[in-house]
Each structure stands twice: as C-alpha cells, then as structure tokens.
Student: 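Take this structure, written in structure tokens, and hold onto it; I'll ask about it next.
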2 protein chains.
Amino acid sequence: MTLPTAQRIRLALENAIVDGRLTPGQQIDPDQVARDYGCSRTPVREALQALEASGLLIVQPKRGTFVAKLGVPELMDRFELMAELESFCARLACRRADADDLARIDTALTACEGARHDPDRYYAENTAFHQAIYRAAHNAFLETETLRLQAILQPYRRRQLQSPGRVANSLAEHRQIAAAIAASDADGAARAMTDHVLVQGERFRDLVAVVGSLSRPQAGGVALR
Amino acid sequence: MTLPTAQRIRLALENAIVDGRLTPGQQIDPDQVARDYGCSRTPVREALQALEASGLLIVQPKRGTFVAKLGVPELMDRFELMAELESFCARLACRRADADDLARIDTALTACEGARHDPDRYYAENTAFHQAIYRAAHNAFLETETLRLQAILQPYRRRQLQSPGRVANSLAEHRQIAAAIAASDADGAARAMTDHVLVQGERFRDLVAVVGSLSRPQAGGVALR
DNA sequence: TGCGTCGTTGTTGTATACAACAGATCGGAA
DNA sequence: TTCCGATCTGTTGTATACAACAACGACGCA
C-alpha cells in the first residue's frame, strides 16, 4: 500500500480499459468505484480527472462519466498521429538503438511469433513489440506521449486482430520493421511503421463502416473550431 | 462566473506560465492561490493536478509544487518532438488547407512582419502564426496535442527571440514556410518547419551551454540527438 | 396530441477537517 | 567537529458534508 489510493484507482481503471474489461461507451459510477476500493469519492474523482486528461475517459457534465467512445473522425485523427509518432520512433531507433534495444526488439518479435495462434497473447506481445521500439528511440518524452496514445487506441486495435489473416500480416510487417531497424535503414523503418499503423486505421474504418451506424459516439478530443 | 473555479484557476495559471509571469522553477503555494481566488484548497488542487498532467507543473511530493523547470535533456526531447509535430502539421496543411486557412496564415505572417521591432508583440504573433498552421492541418487531435507542447515550450522560446538578429531570421523562415504551404510543397514545408523549430532548440542549447555550467553540468545525451 | 413548465433526482463542484507522511532542523553524543 | 536521531513543521492525501446545477420525467395546459 505504498501507492496513494487515487493512483491505484487510476492505474486499475486504465488497465481495465486497455485490457477490454471496460469497453468504450460504458458508464462509470464514481460511487460504485469508491465502494469497490473502500474509499471516499475524493480519490476516485482525482483518478477520473487524470484519466480524462489523458483521453481515456470523457466526463459529460451532469450526465455521467464514460469510457471514451471515439467516433470515426476522432479515431482517424488519432491513428494518423499515431502513425506519425510510431514512425518517428522507428526512425530515431535506427539512429540510436544500442545492443540492448535491438535485443529487446528481437525478443519481442520472437514472442509475437510464438503467440501467433493465440489472439489474446498476440495482442499483448504486439503491444510489447511496439513499446520496445518506443524505448529504443531514446527520447523519454516521445516515449511517454506515444505510450499514452497507444493506450487510447488499444481498445480499438483489439478488435482488428480478430480479422482472419490479420495476425499473419501483422507478423510479417513486424519482421520487416525489425529488420529495417537492425539495418539502420531509417527511411525503410519509418515507411514500414507508417504503413503498419495506418493499415490498422484503415481496417478500423472498414469495421465501423459496417457496424458503426448503430450507436452514436461521444465527442472525444473536443475541437474548438 | 459561468466557469468552475478550478478551471478558472487552471487557465489563469497556464496563462501566467506561458506569458512569463510565472517562471520555471518558481514555487507555487496552493494556500496562497486559494486566498487569491477566494476559494478552498480543493479547486486549487484540481487545477494543479491538471497542469501537472499537461506538463506545465511538477509536484515534488512533500516538497512543493513548482513551475516545470526542464533540464537540457528534457528540453532536447521536447524540442525534437515539437519539430516533428509542427513539421507534420505543415505537411498536412499542404494537403488540406482551404482558402480560409491560407488567409489566416497569411494574416498571421503579416502580423509578424508588423511586429518585428517589438519583441513582446513578435512573440505573440509568432505564436499565432504557428497556431494557424496547426489548425490548417485539419486534425483536431494533432492540433490539441501540438498546442499543449507549444505551451510547455513557450517559456523557453521567449528568451531566444531576444538574441540579436533572431527575429529577422525567424521572419525569413516564416515566409519560406508560408510560401511552401501556399504552393502545396509538402516536403519543402515540412523541412522548413523542422529547421525552424530545431534552430530554436539549438539556440537554446547554446544559451544554456554558456549559463548552465554553474547550475548543473550536463554530460550525456547531448551529442547528435 | 403537442408543448411548455415545474419539480425531482442524480451528478458535480466546493468547503472543511483531519490524518499520515516526509523533510528539515535542532540538539546531543561520540 | 561530525554524525546520528528525535521532534517539529509543512505538505499531501483522504473523508465527509453541503450546495448548486442541469438533465430528466411528469404533469398540466393549450
């Protein structure tokens, strides 16, 4: 219990969202959370505000707090930026990755291969592979920001890996990216990573084009235009 | 007021930091802020936490809350990402800017020209010029994130414009960027913007290289990063 | 039947009080 | 003089209570 309650709640909720136990659009009852953790509303409130700031929750004043449910335009914006950030990570990794970084990337790639027949495990190993590249960029701030955006997009990526054949394609792309980084081919790594991420965005758009028309998304990022 | 106290405080402090009325390293006394705004500690606490989440403040547990004072590695990381984000904005603007966007950019450029002899005014107009480009990228999420990072870096940019000749150079770079966007020259705009931002990062490093040796010598990470 | 209005109810925002913790300071002993 | 420890003080974390507000539903009126 060395960690403040508010942060424990924050991490727990964040994990629940990323792991899919809380799904986009789901309402969160602060009082219930407070009961669950045996605390008052105050630390819960702090946790919810922090999660809202990082984009995982949205608070609709006087209506309730919900797991962020992004509409198509909001998701396209985020995938577009994610592709750029990850691509930048890959590019920097080509310049800066040391032996340890390369080893971590290779280990993660192998773990992906081993998990290719188990979607849930592949999902986790895929996440780790990308994070190994963020780290290899040797820019702590970039790493943090990219991790945050990754967390926001995780609930939406999860579905995609269930498309038949997607895992195999993803694996092939991973190999290509890892090879480019190992060869210090900055342009190649950046391009491969951009494609890898944007494919997910495209796939997602296809998905929602079919299913999406049912439920109305809540505005996520808030654009003042 | 129609705005919650907590948000009023947050905005006020954010402006104070960006405008330079609160300087990096300065301590913030929550009780004093509460007195200033005639409220209790609760909304102040919320405001401070939000500002910490956005990177403008840092809270050292049991020691106090301070305006973020970034060291050289932290600043290099942020400038590096800023260059990438702004460059990406410029690139997207080439693809997506409509007549209104171009007009706003042009207006902002003209305002910069008019303010060239007044550093404070130029500082403000320079900010507006960049923001016009973020907006022209037509990616609301990217715009928000870039604005946030811009706010974090503002206190450090301010000093640079005081270097003799920097304003003139900055203006020339602005013209080049605006021209590239108007001509839909994506690569040219991206490159010009990257250089424009990185020059500021370099300039900053020169600055601290002179002054910084007293406070804390910086060893690694500065090389070619 | 449609619309406007009013009350109810849930949610949020704020105030206040208290407890726990860590840093800092001071004093004493080696 | 230096090191160690205890106390003291300031800061943070949490609990609780209350007030204000807006959304929602029900009711009445046209």
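Fair warning: this is a prediction, and the values are worked out from it, not measured in the lab. Below, chain A is the first sequence line, B the second, and so on; all start at residue 1.
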Student: Measure CD/B:Glu46 against P/D:dT12 and give the value in whole Å, please.
Tutor: 15 Å
Student: Of all the nucleotides listed (D:dT12, C:dT11, D:dT14), which has the minimum atom distance to the side chain of A:Gln27?
Tutor: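 The nucleotide sitting nearest to the side chain is C:dT11.
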Student: Examine distances only and state if a side-chain atom of B:Tyr37 and a backbone atom of B:Arg8 form a donor-acceptor pair shorter than 3.5 Å.
Tutor: no
Student: Where does the angle between the aromatic ring planes of A:His174 and A:Phe129 fall among parallel (under 30°), tilted (30 to 60°) and perpendicular (over 60°)?
Tutor: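 Rings of A:His174 and A:Phe129: parallel, under 30°.
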Student: Taking CG from A:Asp31 and C1' from C:dT12, how many angstroms apart are they, rounded to a whole number?
Tutor: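 Rounding to the nearest Å, CG of A:Asp31 and C1' of C:dT12 are 11 Å apart.
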Student: To the nearest angstrom, how far is A:Arg41 atom CZ from C:dT14 atom P?
Tutor: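 For the pair A:Arg41 CZ and C:dT14 P, the rounded distance is 12 Å.
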Student: Using whole Å, report how far CD1 of B:Ile9 lies from C1' of C:dG13.
Tutor: 12 Å
Student: Closest heavy-atom contact between B:Asp77 and A:Ala140?
Tutor: OD2-N, 3.1 Å
Student: Just checking B:Arg78: does its CZ atom have more than 12 heavy atoms from other residues, nucleotides or ligands closer to it than 6.0 angstrom?
Tutor: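 Enclosed.
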Student: Return the nearest nucleotide to the side chain of A:Arg45; candidates are D:dT12, D:dA15, C:dT12.
Tutor: C:dT12
Student: Within the distance-only criterion (no hydrogens, no angle test), does the side chain of A:Thr146 pair as donor or acceptor with the backbone N or O of A:Leu142 below 3.5 angstrom?
Tutor: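 A pair under 3.5 Å: yes.
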Student: How many Å lie between CD on B:Gln49 and C1' on D:dT11, as a whole number?
Tutor: 13 Å
Student: Below the 4.0 Å mark, does C:dA15 have OP1 or OP2 next to a side-chain nitrogen or oxygen of B:Thr42?
Tutor: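 Result: no.
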Student: Select from B:Asp29 and A:Cys39 the residue whose nearest nucleotide in DNA chain D is closer to the 5' end of that strand.
Tutor: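 Looking at DNA chain D, the more 5' nearest nucleotide goes with B:Asp29.
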Student: Of all the choices, D:dT16, C:dT11, D:dT12, which nucleotide is nearest to the side chain of B:Lys62 once you look at every atom?
Tutor: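 Nucleotide nearest to B:Lys62's side chain: D:dT12.
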Student: A:Gln60 CD to D:dC21 C1': how many Å, rounded?
Tutor: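 The answer, rounded to whole Å, is 16 Å.
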Student: Could you check B:Thr65 against A:Ser40 and say which one's nearest nucleotide on DNA chain D is further toward the 5' end?
Tutor: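 By nearest-heavy-atom nucleotide position, the 5'-most residue is B:Thr65.
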Student: Check the distance between D:dG10's P and B:Ile28's CD1 and give it to me in whole angstrom.
Tutor: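 Taking atom P of D:dG10 as the reference, CD1 of B:Ile28 is at 20 Å.
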Student: From CD of A:Gln7 over to P of D:dT14, roughly how many Å is that when rounded to an integer?
Tutor: 9 Å
Student: OP1 or OP2 of C:dA24 versus the side-chain N and O atoms of B:Arg63: is any pair under 4.0 Å?
Tutor: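 Yes, because at least one side-chain N or O of B:Arg63 sits under 4.0 Å from OP1 or OP2 of C:dA24.
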